[in-house]
Number of protein chains: 2
Amino acid sequence: MKVTINDVAKLAGVSMKTVSRVINKEPSVRKKTYDIVMDAVNTLNYQPNLAARNLAGTSSFTVGLVYDNPNAYYVIDMQNGVLSRCKEEGYELVIHPCNYLDGNMEEDFKTMIKRSRLAGLVLTPPLSEQNSIIEMLDEMGIHYVRVLSGRPTEENQDTCIYVNDYAAAYEITAHLLSLGHKNIGFLCGDKEHKSTTERLEGYQAALKDHSIPLNDELIYEGQYSFESGVEGAKALLGESNPKNITALLGGNDEMAAGALFASRLMGIEIPQQLSITGFEDSPFSRQTWPKLTTAHQANDVISQHAARLLFRKTRGARNQDKDIITTFTPSLVVRESSGPTTA
Amino acid sequence: MKVTINDVAKLAGVSMKTVSRVINKEPSVRKKTYDIVMDAVNTLNYQPNLAARNLAGTSSFTVGLVYDNPNAYYVIDMQNGVLSRCKEEGYELVIHPCNYLDGNMEEDFKTMIKRSRLAGLVLTPPLSEQNSIIEMLDEMGIHYVRVLSGRPTEENQDTCIYVNDYAAAYEITAHLLSLGHKNIGFLCGDKEHKSTTERLEGYQAALKDHSIPLNDELIYEGQYSFESGVEGAKALLGESNPKNITALLGGNDEMAAGALFASRLMGIEIPQQLSITGFEDSPFSRQTWPKLTTAHQANDVISQHAARLLFRKTRGARNQDKDIITTFTPSLVVRESSGPTTA
DNA sequence: TAGAACATTGACAGCGTTGTCATTTTAACT
DNA sequence: AGTTAAAATGACAACGCTGTCAATGTTCTA
């Protein structure tokens, strides 16, 4: 019933250790031996036991995915990306949702790591930006890869995956400018998120490049939530839109959806009277009315590359994956929530 | 650095095996011994190694969560519920998204089970309804708990958690009837989902109990998606609402959101001209305009109980959790998308 | 063609637990 | 107190794999 490495060895007529070498793709196994062993593996349908591997080996076959992000779509995409890579490489994934504000996170981490010695961790924002965590991991000697909001100039190319929110925000803003908008509001997300400042700076850079003076009164500081989007739109548009805003950049899709909601309450027509854009292209940017113009962020692809980067580190010489992309720029998706100024 | 069961044993002055007994909560350990050992465990901050436990023991400490559901909110909730329980019991969770249509699922399952011998599986709909899968698992002797749409009368109370969609649909329909609606449309979800027929039957039962004749023309057969909700609303309301429908029951929140979207396109005011209701109370039922009246389904609680049920089976006598709820009925949440008939 | 250098393979211990079974301690009887 | 049954503990071999290091094959050099 249960087939072990010994069964394979017997069938192939080699030692246990040679089978081990084959399934671990170690070098210095003769091609012929390799084939014989693989045949045996296939006919017996052998699957190496993870627990035994983790116990016996110095490196482990489980990776952790850590997140503190309320966005279900984001999390699922990240999971699926990492998972698909894990499957290919024969790794197991342990997911670790957490709440940074909880405080006892450090303990939590240590427990997780002790219980199942991990090959490494994929950290997603905003946790990936927390220096205290990074230091802790460095101290503990845990491998990790961080997914971060940032621009290609940054260093740490071997341990970070960057999402260029700056460029994406620039592109969205440029899109609105090209439609004739001049007074563009910005609904800022959580200040603790690096993505917030990146997006804000991209927006400002675009304005500057088009010789539009910056105006702090057009910026609402909120959180990445629907409710905050509602509040932000109300705050910026006020009673009768005194600032004469014709376009609103949402910090993310949820805020944009909130702004859409608020506009509706205020009787503002979208996009005739006001353009609204999102960020991330999560499924519900297609489920609002009208559908949101936004910046598409391929989270599953991003997390796949994060996993690949991690494996490159953990597997060392055995894996020299050269095609890893370390910088991603979300790309503009124009839908119905943005249009030319009518003013 | 790394503390093992031996370190604990030494410090406590007992044998390795006794420590093992304590951490496994086996009976026949003297209270005094137990305390001494626990003290040692705590001072050393000992965490049993999962790989070793899985390898040595007959039962394993990993459970799997299997799902084939496109709804991110649902999946996250299920994960978190199971996960929270796993943490308490010292189990590890392996998530297993899959695509039933892929075909090679059986192989996929077997691989997963071989690689990390599992204590058991939590199956969520629609997979949990697939007899072929259940039979396979029975054959393989794998423990599992199914989360299913169904009514309390069903058997298998020790292996299934029921979500009473029938009652919930009944309640929503009754709500609409009480508001004066008579021509109530129904946007049917995927026919393969048990929840679809349960919800449909609940709707029909409510109508019958209020002496409203059933009319198949008011039922649209679609899928549980936003797009399908759009199509369904268009199909039922047609050019000028010839069937004189005043309320629309969405098969789930997404369909309801789609119907909302379509109504907007057709210039129909919600809820003044048309009431629309959802199902599940996923976050975005609060992010539509107007917010959706829906049936709240506590997925995290449901999955927690599923996990508890599973542990009761796998741990046998060691765990006699008596407070497991096996039937959940989603409860009506009235928001702004439903209102009295104006006709 | 001998000998060195290198490539390939194998024997065996050990990873940190739990299961089995033997041993010791305690409790419960006469 | 002496016996017996029951409860509590311990010794030690697994579990299925990988790391180490020694043993064997193979190729190259002179």
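Throughout, a chain's letter reflects where its sequence line sits, starting with A, and its residues are numbered from 1. Predicted model, so just to flag it, every value in this text is computed and none were measured.
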**Asked** According to a strict under-4.0 Å criterion, is B:Ser20 in side-chain N/O contact with OP1 or OP2 of C:dT18?
**Response** yes
**Message:** Between A:Tyr91 and A:Phe311 (judged by ring centroids, cut-off 6.0 Å), do the two rings come close enough to count as a pair?
**Reply:** yes
**Message:** For the residue pair B:Lys313 and B:Tyr144, would you count it as a cation-pi contact if the rule is NZ or CZ under 6.0 angstrom from the ring centre and within 45 degrees of the ring axis?
**Reply:** yes
**Asked** Between D:dA8, C:dT9, D:dC17, which nucleotide gets closest to the side-chain atoms of A:Val29?
**Response** C:dT9
**Prompt:** Checking A:Asn299 side chain against A:Met78 main chain: does a donor-acceptor pair fall under 3.5 Å?
**Reply:** no
**Message:** On the nucleotide D:dT9, are OP1 or OP2 found under 4.0 Å from the side-chain N or O atoms that B:Thr33 carries?
**Reply:** yes
**Prompt:** Judged by atom type as modelled, is there a donor-acceptor pair below 3.5 Å linking the side chain of B:Thr327 to the main-chain atoms of B:Tyr162?
**Reply:** no
**Message:** Heavy atoms only, 4.0 Å cut-off, all strands: where does B:Lys32 land among base, sugar-phosphate and nothing?
**Reply:** nothing
**Phosphate OP1/OP2 of D:dC15 contacted by A:Lys2 side-chain N/O (<4.0 Å)** = no
**Prompt:** So what does B:Tyr46 hit on the nucleic acid, given a heavy-atom distance under 4.0 Å: a base, only sugar-phosphate, or nothing?
**Reply:** sugar-phosphate
**Prompt:** Across the strands shown, which category fits A:Lys114 at heavy-atom distances under 4.0 angstrom: base, sugar-phosphate, nothing?
**Reply:** nothing
**Message:** Can you tell me whether the side chain of B:Arg21 and the base of D:dG10 have a donor-acceptor pair closer than 3.5 Å?
**Reply:** yes
**Message:** On the nucleotide D:dG19, are OP1 or OP2 found under 4.0 Å from the side-chain N or O atoms that A:Thr58 carries?
**Reply:** yes
**Request:** Can you tell me the distance, in whole Å, between the CZ atom of B:Arg53 and the C1' atom of D:dA14?
**Result:** 18 Å
**Pair of N/O donor and acceptor under 3.5 Å linking D:dG25 base with A:Arg30 side chain** = no
**Request:** Hey, which sits more toward the 5' end of DNA chain D by its nearest nucleotide, B:Leu55 or B:Thr18?
**Result:** B:Thr18
**Message:** Taking the nucleotide of DNA chain D with the nearest heavy atom to each, does B:Ala56 or B:Gly13 sit closer to the 5' end?
**Reply:** B:Gly13
